[in-house]
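Written below as structure tokens is the structure these notes are about.
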There are 2 protein chains.
Amino acid sequence: MVVKVYGPAYASPKRVILCLIEKGVEFETVNVDLLKGENRDPEFLKMQPFGSLPVTQDGDLTLFESRATMRYFAEKYKSQGTDLLGKTLEEKALVDNWIDVEATSFNPPIYAMTFQILFAPALGLPKDEKAIQESEEKLAKVLDIYEERLSKSKYLAGDFFSLADLSHIPFTQYLVGPMGKEHMVKSRKHVSAWWDDISSRPSWAKTLQICPPPM
Amino acid sequence: MVVKVYGPAYASPKRVILCLIEKGVEFETVNVDLLKGENRDPEFLKMQPFGSLPVTQDGDLTLFESRATMRYFAEKYKSQGTDLLGKTLEEKALVDNWIDVEATSFNPPIYAMTFQILFAPALGLPKDEKAIQESEEKLAKVLDIYEERLSKSKYLAGDFFSLADLSHIPFTQYLVGPMGKEHMVKSRKHVSAWWDDISSRPSWAKTLQICPPPM
């Protein structure tokens, strides 16, 4: 049974899709329209009790955290496609460490900015300018730390592309594109070179082509 | 060289310590006093650029995300102590999924409550009652989802204790203890039984004995 990814238009599911493309795993997508509240449908909530995206089904297995899902596919298909996990136990630990940095330090402010700048207007909600400013300040501090880190290694976990880098791509695309905050990346030399590198991977072009964002 | 864990008084480092005890791995601890700002010392920031806890050193390897660190030790010592990862690829994926739920849905509100209720007064900061209330509402919704989940399986990832459960212990102890919010656990039958089970593990008693919390 082919892998199914729910909500391909949005950023978090694109982490899973990028991973599947890098690994050469066939999949199909199922649209979920957040703006219509389809994520609150009872049938959807049976798969994903928090009502958020993505949901991914691989046969009888249902996963709904994007980073856990990437790890699962990267491990299941470790002998094919791009190695995204690192080769040694120590490399794997550093990949994990920087995935967790993305999840707990990078994602909260960039998610808040994405919601306020792009989605609040589409939902008819007022923009919270104070929340945007506070999130931008938090994100800037995180990017300063990335600048230092990326001055010492080409990618976040070391000198190899991994899930830790991949995990940043979908929301950073919003930041440099429709959110109009490209300067946050471009003003940091090493972050800028890293972004140019990871966003020019064919897997990302393919993801955007088959799963265009809603805005 | 023995494993070193920095900041044992606090909750996040206790995830790592619990894991090391469950796996029967020897370690030593290095005190870091957040109330004195020792986490902003330049030497500390070289190890942990975000200035937060824990930091863990295993020989030349330095990790600073508690969940990535647990995963590393659980994998490195998979043949000894308690199995905390799951046995099959699918079980491991579910453990990962529920660790990520803890990191992204459970931890943000309980961390905010812990900071506001316990640490703000110790730092001479005013309590933000609105933030406490909003966080409590968010945490209640997460616990409602746990209640449903734990009505179907004994532990979060299935019928086996894992890192997914362990990861919840240190902050939940603050909630039911010094924060005076025990009713949030006790009022939910399955969450309450789960908490009684996981918090009565000898590894947790030993953690509290050797690493008493600062308050």
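Values in this document were obtained by computation on a predicted structure and should not be read as measured data. Atom set for the values below is all heavy atoms of this structure, side chains included, hydrogens, waters and symmetry mates excluded. Per chain, numbering begins at 1; letters A, B, ... match sequence-line order.
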Quiz item: Can you name the closest pair of heavy atoms from A68(B) and A93(A) and give their distance?
Solution: CB-O, 4.3 Å
Self-check item: Residue D159(B) excluded, over 12 heavy atoms near CG under 6.0 Å
Solution: yes
Exercise. Report the distance from atom CZ of R71(A) to atom CG of L89(B), rounding to the nearest 0.5 Å.
Key: 13.0 Å
Quiz item: Is chain A contacted by the side chain of K92(B), its backbone, both, or neither, given a heavy-atom distance below 4.5 Å?
Solution: neither
Quiz prompt | Portion of T62(A) that has a non-hydrogen atom of chain B nearer than 4.5 angstrom | solution = backbone
Practice problem: Determine whether E90(B) and D58(A) make a side-chain contact, defined as any pair of heavy atoms from C-beta on separated by less than 4.5 Å. | Solution: no
Exercise. Check whether I145(A) gets within reach of chain B through its side chain, its backbone, both or neither, counting any heavy atom under 4.5 Å.
Key: side chain
Quiz item: What pairs of residues pass the ring pair (Phe, Tyr, Trp, His ring centres under 6.0 Å) test when at least one of them lies in residues 23-64 of chain A, not counting sequence neighbours?
Solution: F64(A)-W98(B)
Exercise. Flag the one option from E75(B), K141(B), K76(B) with the top tally of heavy-atom pairs under 4.5 Å to chain A.
Key: K76(B)
Exercise. Report yes or no: does N97(B) contribute a side-chain atom to a donor-acceptor pair with the main-chain N or O of E65(A) at less than 3.5 Å?
Key: yes
Quiz item: side-chain contact (heavy atoms from CB on, under 4.5 Å) with L63(B): which of L94(A), D100(A), D96(A)?
Solution: L94(A)
Quiz item: Taking atom CD of E26(B) as the centre, does the number of heavy atoms from other residues, nucleotides or ligands within less than 6.0 Å exceed 12?
Solution: no
